[in-house]
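Remarks on the structure that follows.
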2 protein chains.
Amino acid sequence: MSNIGYAGHMELHEPELREVPVTNVLAALADDVRLQIVRALAGGGEYACGTFEFGVSKATRSHHLKVLREAGLTRTRVAGTSRYVRLRREELERLYPGLLDAVLAAPARA
Amino acid sequence: MSNIGYAGHMELHEPELREVPVTNVLAALADDVRLQIVRALAGGGEYACGTFEFGVSKATRSHHLKVLREAGLTRTRVAGTSRYVRLRREELERLYPGLLDAVLAAPARA
DNA sequence: ACCTATGTTCGACATCCGTCGAACTACCTC
DNA sequence: GAGGTAGTTCGACGGATGTCGAACATAGGT
């Protein structure tokens, strides 16, 4: 009866990019795990969350994907029990031209 | 006799940009106060620390300038009791082409 | 010498952030 | 419907971070 307290079938929060402060976008990119995810997505494909095995638990992975989504960097499509994530490249390029390329061009290991 | 415990005349720590992880650079930019400082420096001039009155105490301002310096974003010249800060634009452009411009082009207020 | 102006450093504090295991929801397949 | 699979959410934890006032160091001026 009560679906209060669970958001499983609610729409995912995917803000308009222009409504996200730049500092949030930068903060989202300023983490090693998240940057690895972004790199993996940079090719353009769509990947299930489970794809990103970067040495963290699935709880942590879920957390990072949420941060990326709420920073306006990714979009998520729900399909069955899986969620497919992709980069919002064009929007990002329109609002912050050159930003993503500049970040991705940086060497992976400092 | 003892100059232990104070670093007033020591050289400021200004790392090679290539030795700073990208995530550190991004994290340094992912703060409102620091981004305001970077914007103020973007014109190319050299400014004394006290120039940056952005509603924080001078202790906090000093902290942020240290973060920027240690992220490789700024260089500091000591002159008398003042310290003059400037952006390391060319180096930044060489290592992360387009990054700074992309960030600066973003609207100041979210 | 004193006083002032400019910054830095030192605790201290509150908050945020990354991380995890455990419990949970939702869906798919037998 | 029982079980398995994919993810999310919930506390909890430790460590990092932003903030401040106070104390300090240094240089310059009177």
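Side-chain atoms are counted along with the backbone in the values below, which use heavy atoms only and exclude waters and symmetry mates. Chain letters run A, B, ... following the sequence lines, proteins first and then strands; every chain starts at 1.
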Take atom [atom1] of [X] and atom [atom2] of [N], then tell me their distance rounded to the nearest Å.
X        : N       : atom1 : atom2 : result
Lys58(A) : dT19(C) : NZ    : P     : 17 Å
Leu26(B) : dC17(C) : CG    : P     : 16 Å
Lys66(A) : dG18(C) : NZ    : C1'   : 14 Å
Asn24(B) : dA16(D) : CG    : P     : 13 Å
Asp31(B) : dT19(D) : CG    : C1'   : 11 Å
Arg77(A) : dG7(D)  : CZ    : C1'   : 15 Å
Asp32(B) : dT17(D) : CG    : C1'   : 15 Å
Leu68(A) : dC17(C) : CG    : P     : 14 Å

Q. Side-chain contact, heavy-atom cut-off 4.5 Å: Phe52(B) with Leu41(B)?
A.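 In contact.
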
Anything under 3.5 Å between a protein N or O and an N or O of nucleotides 13-15 of chain C, put it in a table, one pair a line.
none

With a 4.0 Å cutoff (strictly under), does any side-chain N or O of [X] reach OP1 or OP2 of [N]?
X        : N       : value
Arg61(B) : dG18(D) : no
Thr60(B) : dT19(D) : no
Arg83(A) : dA6(D)  : no

How close do [X] and [Y] get, heavy atom to heavy atom, and via which atoms?
X        : Y        : result
Ala71(B) : Val25(B) : O-CG2, 3.8 Å
Leu87(B) : Ala42(B) : CD1-CA, 3.9 Å
Val20(B) : Pro15(B) : CG2-CG, 3.8 Å

When rounded to the nearest 0.5 angstrom, what is the spacing between [atom1] in [X] and [atom2] in [Y]?
X        : Y        : atom1 : atom2 : answer
Arg75(B) : Arg88(B) : CZ    : CZ    : 3.5 Å
Leu26(A) : Thr23(B) : CG    : OG1   : 12.5 Å
Asn24(B) : Leu29(B) : CG    : CG    : 11.0 Å
Gln36(A) : Asp31(A) : CD    : CG    : 9.0 Å

Q) Which residues, if any, of residues 48-56 of chain B bring a heavy atom under 4.0 Å of DNA chain C? A)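 When residues 48-56 of chain B is checked for heavy atoms under 4.0 Å from DNA chain C, the hits, listed by number, are Ala48(B), Cys49(B), Gly50(B).
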
Could you list all N or O pairs between the protein and nucleotides 28-30 of chain C that sit under 3.5 Å apart?
none

Q. Residues in side chain to side chain contact (heavy atoms under 4.5 Å, CB included) with Arg77(A), at least two apart?
A.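 Arg77(A) satisfies side chain to side chain contact (heavy atoms under 4.5 Å, CB included) with Glu46(A), Ala79(A), Tyr84(A), Arg86(A) once adjacent residues are dropped.
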
Q) So what does Ser82(A) touch, heavy atoms closer than 4.0 Å: a base, only the sugar-phosphate, or nothing? A)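 Here Ser82(A) touches the backbone only, sparing every base.
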
Q. His64(B) near the nucleic acid: base, sugar-phosphate alone, or nothing, with a heavy-atom cut-off under 4.0 Å?
A.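 Since only primed, P, OP1 and OP2 atoms lie under 4.0 Å of His64(B), the category is sugar-phosphate.
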
**Q.** Intermediate values then yes/no, side-chain contact (heavy atoms from CB on, under 4.5 Å), Val85(A) and Tyr47(A)
**A.** CA-CA 5 Å; Val85(A) 184; Tyr47(A) 295 88; 5.7 Å; no

All N/O donor-acceptor pairs, side-chain side in residues 57-70 of chain B, below 3.5 Å, sequence neighbours left out:
| residue | atom | partner | partner atom | Å |
| --- | --- | --- | --- | --- |
| Ser57(B) | OG | Ala59(B) | N | 3.4 |
| Ser57(B) | OG | Thr60(B) | N | 3.2 |
| Ser57(B) | OG | Thr60(B) | OG1 | 3.2 |
| His64(B) | ND1 | Arg34(B) | NH1 | 3.0 |

Kindly list each side-chain donor-acceptor pair under 3.5 angstrom involving residues 94-107 of chain B, sequence neighbours excluded, with atom names and distances?
none

**Q.** Given dT19(D), dC10(C), dG18(C), the nucleotide with the shortest approach to the side chain of Arg34(A)
**A.**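 Given the options dT19(D), dC10(C), dG18(C), the side chain of Arg34(A) is closest to dG18(C).
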
